[in-house]
Amino acid sequence: MAREMQKNTMFIEQNTGDYENGDPQKNLDDDGREKRTGTWVTASAHIITAVIGSGVLSLAWAIAQLGWVVGPAVLIAFSFITYFTSTLLADCYRAPDPVHGKRNYTYMDVVRAYLGGRKVQLCGLAQYANLLGVTIGYTITASISMVAVKRSNCFHKHGHHVKCQTSNNPFMIIFACIQIVLSQIPNFHKLSWLSILAAVMSFTYASIGLGLSIAKAASGGEHVRTSLTGVQVGVDVSGSEKVWRTFQAIGDIAFAYAYSTVLIEIQARYNQSESTRK
């Protein structure tokens, strides 16, 4: 009787379209969930979009504040931290064995599989606090960018003698509302074309930022100079401003390294066997 009920239950849970294709397991993964359809192209697009985020645009300013000694050292330090955490998360995708173990589809699944107990709540709190901080950072960055475009249009129309003051608040609200609407789209992770478009845009604005920095340095001028220690106290800034800008620069560099936060989700959509076969 139990076996018959199990058969009936399995029959109900299967999609009838699967039987039309001749194989009830064709569209299911080895753990019974929907088969992963991501390829190396879509995975690369996700990774590029995550690595080359809007935080890279503030790296030039951050290096200018820290100097040519501390600045690259902080960049290298955060790159090693990101490499370590990314490698660790990639190995934790399956548990307890990294090759044949049960898949963990989210960051919290990894924490629950390897740590469990109270640590799940603590890591969840840390993760959501990090996601909240990243969201706030992107909202502020987007509003500043939109204000910069509006001010630029104002200067071109009325001249640079006009102040063209614009508040960031309306643009923050607009950006937040758009994000709330987009977050309601079901199966958002399947919009591979959007990830590819975002990857192209990431390369585009990173290249624009690099080009503008090179052009600014090549043009010369009294305000275009570099230093081993960054901005100088008593010349460019005061002592308190130097401390504040140093911490702000470190925060900007940390904000640019947000890759490991979404690594598990990217890996969960990547079907290596299908990509290899193709």
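This chain uses plain numbering: 1 for the first residue, then up along the sequence.
- Remark: A64 pairs with no residue by the side-chain contact (heavy atoms from CB on, under 4.5 Å) rule, at least two apart or across chains.
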**OP:** Evaluate side chain to side chain contact (heavy atoms under 4.5 Å, CB included) for W68 paired with I63, printing each intermediate quantity in order.
**Re:** CA-CA 7 Å; W68 287 109; I63 299 298; 4.2 Å; yes
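- Counting only distance, with no hydrogens or angles, the side chain of Q65 and the backbone of A62 share no donor-acceptor pair below 3.5 Å.
- For A95 against A113, the heavy-atom pair with the smallest separation is CB-CB, 3.9 Å.
- Contact check for R94 versus K102: no side-chain heavy atoms found under the 4.5 Å cut-off.
- Counting heavy atoms from C-beta outward, I144 and N168 have side chains that approach closer than 4.5 Å.
- Under the ring pair (Phe, Tyr, Trp, His ring centres under 6.0 Å) criterion, Y83 pairs with no residue, sequence neighbours left out.
- Between the CD1 atom in I173 and the CG atom in N169 there is a gap of 6.5 Å [rounded to 0.5 Å].
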Original post:
Passes side chain to side chain contact (heavy atoms under 4.5 Å, CB included), L59 versus I253? Steps please.
Top reply: CA-CA 6 Å; L59 292 182; I253 294 175; 3.9 Å; yes
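- Atom SG of C164 is separated from atom NE2 of H156 by 10.5 Å, given to the nearest 0.5 angstrom.
- Other residues, nucleotides and ligands contribute only 12 or fewer heavy atoms inside 6.0 Å of the CH2 atom of W244.
- Listed for the K242 side chain is a donor-acceptor partner under 3.5 Å among the backbone atoms of V231.
- Of the possible donor and acceptor atoms, one in the side chain of S79 sits under 3.5 Å from a partner among the backbone N and O of I76.
- Here the shortest heavy-atom pairing between C123 and Y107 reads O-CE2, 4.3 Å.
- Between D252 and Q248 there is a side-chain heavy-atom pair separated by less than 4.5 Å.
- Once rounded to the nearest 0.5 Å, the distance linking CZ of R151 with NZ of K163 reads 11.0 Å.
- Within the model, atoms OH of Y138 and CD of Q179 stand 10.5 Å from one another, a figure rounded to the nearest 0.5 Å.
- Rounding to the nearest 0.5 Å gives a distance of 9.5 Å between OG of S145 and OH of Y205.
- Looking at T204, its side chain does come within 3.5 Å of a backbone N or O of V200 through a donor-acceptor pair.
- The backbone N or O of C92 lies less than 3.5 Å from a partner atom in the side chain of N104, making a donor-acceptor pair.
- Linking ILVMFWY residues whenever their side-chain heavy atoms come closer than 4.5 Å, directly or via other members, leaves V243 and I250 in distinct clusters.
- Cluster membership for M201 and F175, using ILVMFWY side-chain heavy atoms within less than 4.5 angstrom, is not shared.
- Using a 4.5 Å heavy-atom threshold, the side chains of K150 and F155 count as separate.
- For D109, the salt bridge (Lys or Arg N to Asp or Glu O under 4.0 Å) test picks out R112, with sequence neighbours left out.
- Enclosure of atom OH in Y114 by more than 12 non-hydrogen atoms of other residues, nucleotides or ligands within 6.0 angstrom is indicated.
- When the side chains of ILVMFWY residues are joined at heavy-atom separations under 4.5 Å, either directly or via intervening members, V74 and L228 end up in a single hydrophobic cluster.
- Under a hydrophobic-cluster definition in which Ile, Leu, Val, Met, Phe, Trp and Tyr are linked whenever side-chain heavy atoms come within less than 4.5 Å, directly or via other members, F171 and I136 are assigned to different clusters.
- Put simply, CG on L66 and CH2 on W61 are 8.0 Å apart, with the number rounded to the nearest 0.5 Å.
- In this structure, I174 is a member of the same hydrophobic cluster as L182, with clusters built from ILVMFWY side-chain heavy atoms closer than 4.5 Å.
- Contact between M172 and T139 at its shortest, heavy atoms only, is O-CG2, 3.9 Å.
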